Engineer: 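What follows is a single structure, and I will ask about it in a moment.
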Amino acid sequence: MDPQQELFTALLLAIKDLGYDVYDGCLPAEGTPYPFVYLADSQQIDQGTKSQVIGTIYQSIHVWSNSPKNRGTVSGMMLDIKRVCRELEQTEHYAWFVRYMNQQVLPDNTTSEPLLHGVLEVEYQFT
């Protein structure tokens with residue numbers, strides 16, 4: 001299996017196991033209850049060796065809440081997700097190591113109601 005897809009699937013299942021509503025592929029339809037998690041874009045940079053593929057994957061994960069007053073909720077969800085990301089060390093075909101995480105919490109005015117938007121960018125090294 002492609003490393004990026006294997007990581008994506010493992011994260012999707014692990015975040016759902018936290019009890020959060022998780023969407024992937026595209027954002028959920030209007031009217032979807034908040035808060036929710038969106039497993040967004042991935043970027044893979046790899047190189048082949050004589051015996052395996054090694055490389056780096058950058059995974060973006062978003063959290064949305066429909067109340068700017070829910071900063072604690074968004075931050076708590078992101079902390080849970082970061083813990084899941086760090087605990088993921090092995091999947092069926094690859095070993096994983098988190099090298100870097102970047103977390104932002106931003107106001108979001110892309111809808112008619114003000115939102116709070118958490119963005120988590122995770123850099124994984126894989127072998």
Side-chain angles (χ1 to χ4, degrees):
M1 180 180 279
D2 178 55
Q4 175 273 142
Q5 185 60 48
E6 192 162 313
L7 175 66
F8 191 91
T9 301
L11 289 172
L12 179 70
L13 296 173
I15 296 168
K16 281 185 177 183
D17 283 347
L18 293 172
Y20 298 136
D21 293 329
V22 183
Y23 299 90
D24 67 304
C26 62
L27 286 169
E30 191 173 329
T32 297
Y34 291 91
F36 63 82
V37 178
Y38 175 58
L39 199 54
D41 55 305
S42 298
Q43 178 186 1
Q44 177 176 315
I45 302 168
D46 63 46
Q47 70 181 63
T49 67
K50 290 182 181 181
S51 61
Q52 65 181 348
V53 175
I54 61 173
T56 303
I57 294 179
Y58 301 91
Q59 179 63 57
S60 297
I61 304 168
H62 300 262
V63 176
W64 268 281
S65 172
N66 63 341
S67 174
K69 295 181 180 184
N70 281 354
R71 185 179 177 91
T73 300
V74 170
S75 292
M77 290 174 71
M78 292 179 76
L79 180 63
D80 290 344
I81 293 166
K82 289 193 309 185
R83 187 182 73 250
V84 162
C85 289
R86 287 189 176 104
E87 290 173 353
L88 180 64
E89 295 177 348
Q90 187 75 41
T91 55
E92 185 176 349
H93 300 102
Y94 303 97
W96 302 96
F97 176 74
V98 172
R99 291 189 49 186
Y100 173 80
M101 285 193 194
N102 181 36
Q103 176 179 325
Q104 293 181 301
V105 179
L106 311 160
D108 184 332
N109 61 1
T110 58
T111 66
S112 60
E113 63 181 319
L115 305 175
L116 196 60
H117 181 187
V119 180
L120 183 60
E121 296 172 341
V122 186
E123 178 183 330
Y124 278 97
Q125 197 169 28
F126 70 91
T127 56

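Heavy-atom basis, side chains included; hydrogens, waters and symmetry copies ignored. As the structure is a prediction and not an experimental result, all values here were calculated from the model.
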Engineer: Honestly curious: do Leu27 and Leu115 fall in one hydrophobic cluster under the side-chain, below-4.5 Å linking rule?
Structural biologist: yes
Engineer: Do His62 and Leu120 have side chains that get closer than 4.5 Å, going by heavy atoms?
Structural biologist: no
Engineer: With side chain to side chain contact (heavy atoms under 4.5 Å, CB included) as the criterion, how do Val37 and Ile81 come out once you've worked through the C-alpha distance, each side chain's angles and the decisive distance to 0.1 Å?
Structural biologist: CA-CA 10 Å; Val37 178; Ile81 293 166; 3.9 Å; yes
Engineer: Are Val122 and Leu18 connected in a single hydrophobic cluster, I mean Ile/Leu/Val/Met/Phe/Trp/Tyr linked by side-chain heavy atoms less than 4.5 Å apart?
Structural biologist: yes
Engineer: Is there a side-chain contact between Leu12 and Val22, using heavy atoms and a 4.5 Å cut-off?
Structural biologist: yes
Engineer: Testing the basics here: between Ala14 and Val84, what is the closest heavy-atom pair and its distance to 0.1 Å?
Structural biologist: CB-CG1, 3.3 Å
Engineer: Going by heavy atoms in the side chains, are Asp2 and Gln44 under 4.5 Å from each other?
Structural biologist: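 Of all side-chain heavy-atom pairs linking Gln44 with Asp2, at least one is under 4.5 Å.
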Engineer: Identify whether Ile54 and Ile57 are in the same connected component of the hydrophobic contact network (ILVMFWY, side-chain heavy atoms under 4.5 Å).
Structural biologist: no
Engineer: Could you report the tightest heavy-atom contact between Ser65 and Val74, atom names first, then the distance?
Structural biologist: CB-CG2, 3.6 Å
Engineer: Is the shortest heavy-atom distance from the side chain of Met77 to the side chain of Pro35 under 4.5 Å?
Structural biologist: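 SC-SC contact between Met77 and Pro35 confirmed.
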Engineer: Any non-hydrogen side-chain atom of Leu7 less than 4.5 Å from a side-chain atom of Leu88?
Structural biologist: yes
Engineer: Roughly how far apart are Phe97 CZ and Gln125 CD, rounded to 0.5 Å?
Structural biologist: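 Those atoms lie 7.5 Å apart.
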Engineer: Atom CD of Gln104 and atom CG of Asn102: how far apart are they, to the nearest 0.5 Å?
Structural biologist: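 It is 5.5 Å, given to the nearest 0.5 Å.
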Engineer: Please report the interatomic distance CD(Glu113) to OG(Ser67), rounded to the nearest 0.5 Å.
Structural biologist: 9.0 Å
Engineer: I want to check something: taking the side chain as every heavy atom from C-beta on, are Cys85 and Leu11 in contact at a cut-off of under 4.5 Å?
Structural biologist: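 In short, these two side chains touch, coming nearer than 4.5 Å.
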Engineer: Ring-plane angle category for Trp96 and Phe126, please: parallel below 30°, perpendicular beyond 60°, tilted otherwise.
Structural biologist: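 Answer is tilted, since the angle falls between 30° and 60°.
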Engineer: Answer yes if the side chains of Thr91 and Glu6 hold a donor-acceptor pair under 3.5 Å, and no otherwise.
Structural biologist: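 Note: Thr91 and Glu6 side chains meet the donor-acceptor criterion.
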Engineer: Counting only heavy atoms not in Asn109, do more than 12 sit closer than 6.0 Å to its CG atom?
Structural biologist: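 Counting neighbours around CG of Asn109, 12 or fewer heavy atoms of other residues, nucleotides or ligands fall under 6.0 Å, so no.
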Engineer: Within a radius of less than 6.0 Å around CZ of Arg71, do more than 12 heavy atoms belonging to other residues, nucleotides or ligands occur?
Structural biologist: no
Engineer: Roughly how far apart are Gln4 CD and Ile45 CD1, rounded to 0.5 Å?
Structural biologist: 12.5 Å
Engineer: Could you check whether any side-chain N or O of Tyr94 sits under 3.5 Å from a backbone N or O of Met1, counting only pairs where one atom can act as donor and the other as acceptor?
Structural biologist: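 Confirmed, Tyr94 side chain pairs with Met1 backbone.
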Engineer: Atom CD in Gln47, atom CD in Gln52: separation rounded to 0.5 Å?
Structural biologist: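 Atom-to-atom, Gln47:CD and Gln52:CD are 10.0 Å apart.
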Engineer: Does either side chain, that of Ser60 or that of Glu121, offer a donor lying less than 3.5 Å from an acceptor on the other one?
Structural biologist: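 Per modelled atom types, Ser60 and Glu121 side chains form no pair under 3.5 Å.
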Engineer: Could you check whether any side-chain heavy atom of Tyr20 comes within less than 4.5 Å of a side-chain heavy atom of Val63, counting everything from C-beta outward?
Structural biologist: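 Counting from C-beta outward, Tyr20 and Val63 never come under 4.5 Å.
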Engineer: Donor-acceptor check, side chain of Gln59 to backbone of Ala40, threshold 3.5 angstrom: yes or no?
Structural biologist: yes
Engineer: Are Phe36 and Tyr23, when compared by the centres of their aromatic rings, separated by less than 6.0 Å?
Structural biologist: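 Between Phe36 and Tyr23, the centre distance is under 6.0 Å.
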Engineer: Transitively linked via ILVMFWY side-chain contacts under 4.5 Å: Tyr58 with Ile15?
Structural biologist: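 The answer is no; the residues belong to distinct hydrophobic clusters.
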Engineer: Over 60° means perpendicular and under 30° means parallel, so tell me whether Tyr38 and Trp64 are parallel, tilted or perpendicular.
Structural biologist: tilted
Engineer: About how many Å separate CG of Asp21 and OH of Tyr34, when rounded to the nearest 0.5 Å?
Structural biologist: 12.5 Å
Engineer: Between Val119 and His117, is there a side-chain heavy-atom distance shorter than 4.5 Å?
Structural biologist: yes
Engineer: With a 6.0 Å cut-off (strictly less than), is the heavy-atom count around CD of Glu30, excluding the residue itself, greater than 12?
Structural biologist: no
